[in-house]
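In listed order, ligands and their atoms are each counted from 1.
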Amino acid sequence: MSRIVKIGKISIGGGNPIAIQSMTNTDTRDTKATLEQINALYRAGCDLVRVSIPDFESLDAFAAIVKCSPVPLIADIHYDYRLAIGAIEKGASKVRINPGNIGQSWKVREIVSAAKDYGIPIRVGANSGSIKESFKAYETKAIALAESALEETHILESLGFYDIVISAKSSSVIETIEANKYISSKVDYPLHIGVTEAGIFETAVVKSSVGIGTLLLEGIGDTIRVSIAGDPLTEVRIAKKLLKSLNLREGVEVIACPTCARTEIDVESLAYDVENWLEGLDKNLTVAVMGCVVNGIGEGKDADIGIAGTASGAVIFTKGEIVKRVKKDILKRDFLKLVKEYLRKN
Ligand code: SF4
């Protein structure tokens, strides 16, 4: 089991819940927009948010942002050690650096010293795109990636710093899995896992589910990021569903039939509606949205509560038993009433 590392109010590793991480894609200098996005990510279920600090103007904005953030913020720094130290002093709960690109060792030492003073962890790691030439002699790219991340780790260890989170990311699912397995067999630092540059929606969802899911099933990974080109809110929604599917997070799961010639209701749009109606409910609840009563009630009997389409509206059922027949216009009202009742009794 990985060791425990505290990132602000969130503890990761050591069997703590898997934390969901995302990253703002606003201009950090735009304090208002960045804070709005952080708040939206928090409301969507994000535990940790990473913010890039590419320059000193962004650092000034970060100081204001961090004061109002509802979640611990991770400062993402490249090259300039002064930005890392500034972010630590201004309230970052973790900094993400690559000691290898910070430059002279005294600069890394300064960052480590500030992190020690403020009691915050440092995330180090490697991406498959930035593996050094000297590592390419390893037998596989995955091992080269893992060893690159471990080299960064050893730099911090050599400075007496052990409050470390490691990441090793590749846009290849197989490389990501193998590299993280390798690292977890060598050290017990918590791992931040994800398939990087995973792509646009469908591709990213598939790659992240396989990559992150495989590792989590093997007990590897303490924080996750589902990387999707676009709105980070989508990353968080997918991450929640991913964790929920592995019973690693409480919440609502809406299952839906694939539809066929018997379908008597718009299953897809109703399933989206049900997700929206129940958004924010952090209780375990499985809801089935089925196209017909012929097979729908039987096939959905493992769900806690379900809706099946009929010619004149729908039926609401719990554990395979019809509880109520409703017209479409009052479906939402009656369904939510029955959900409330179900949760009260169970
Ligand atoms: S539940 Fe009914 S509508 Fe949905 S796939 Fe099965 S038979 Fe078809």
Problem set entry | Nearest atoms (heavy-atom pairs only) where K244 meets L285 | NZ-N, 4.5 Å
Problem set entry | Closest heavy-atom pair and its distance - T286, D304 | N-OD2, 2.7 Å
Considering non-hydrogen atoms of the protein only, which is the closest contact for [atom], and what is the distance?
atom                    : value
atom 4 (Fe) of ligand 1 : C257 SG, 2.4 Å
atom 7 (S) of ligand 1  : N295 ND2, 3.4 Å
atom 6 (Fe) of ligand 1 : E299 OE1, 3.6 Å
atom 3 (S) of ligand 1  : T263 OG1, 3.4 Å

For this session: Under 4.0 Å from a heavy atom of G291: give me the atoms of ligand 1 that qualify, with their elements.
Result: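 In order of number, 3 (S), 4 (Fe).
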For this session: Could you list which atoms of ligand 1 come closer than 4.0 Å to a heavy atom of G296?
Result: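 Counting atoms of ligand 1 from 1, those under 4.0 Å from G296 are 1 (S).
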Problem set entry | Whether T24 side chain and T26 backbone form a donor-acceptor pair below 3.5 Å | no
For this session: Just do the side-chain contact (heavy atoms from CB on, under 4.5 Å) check on I220 and L191 with the steps written out, would you?
Result: CA-CA 7 Å; I220 298 169; L191 299 184; 3.7 Å; yes
For this session: Could you tell me whether ligand 1 has any atom less than 4.0 Å away from a heavy atom of V294?
Result: no
For this session: Can you establish whether the number of heavy atoms outside K319 located under 6.0 Å from its atom NZ is more than 12?
Result: yes
Problem set entry | C292 N/O/S atom closer than 2.8 Å to atom 2 (Fe) of ligand 1 | yes
Exercise. Strictly under 2.8 Å, is any N, O or S atom of C260 next to atom 4 (Fe) of ligand 1?
Worked result: no
Exercise. With a 4.0 Å cut-off, would you call D329 and K327 a salt bridge?
Worked result: no
For this session: Look at E147 together with K186 and state whether they make a salt bridge at an N to O cut-off of under 4.0 Å.
Result: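 No, no charged N to carboxylate O under 4.0 Å.
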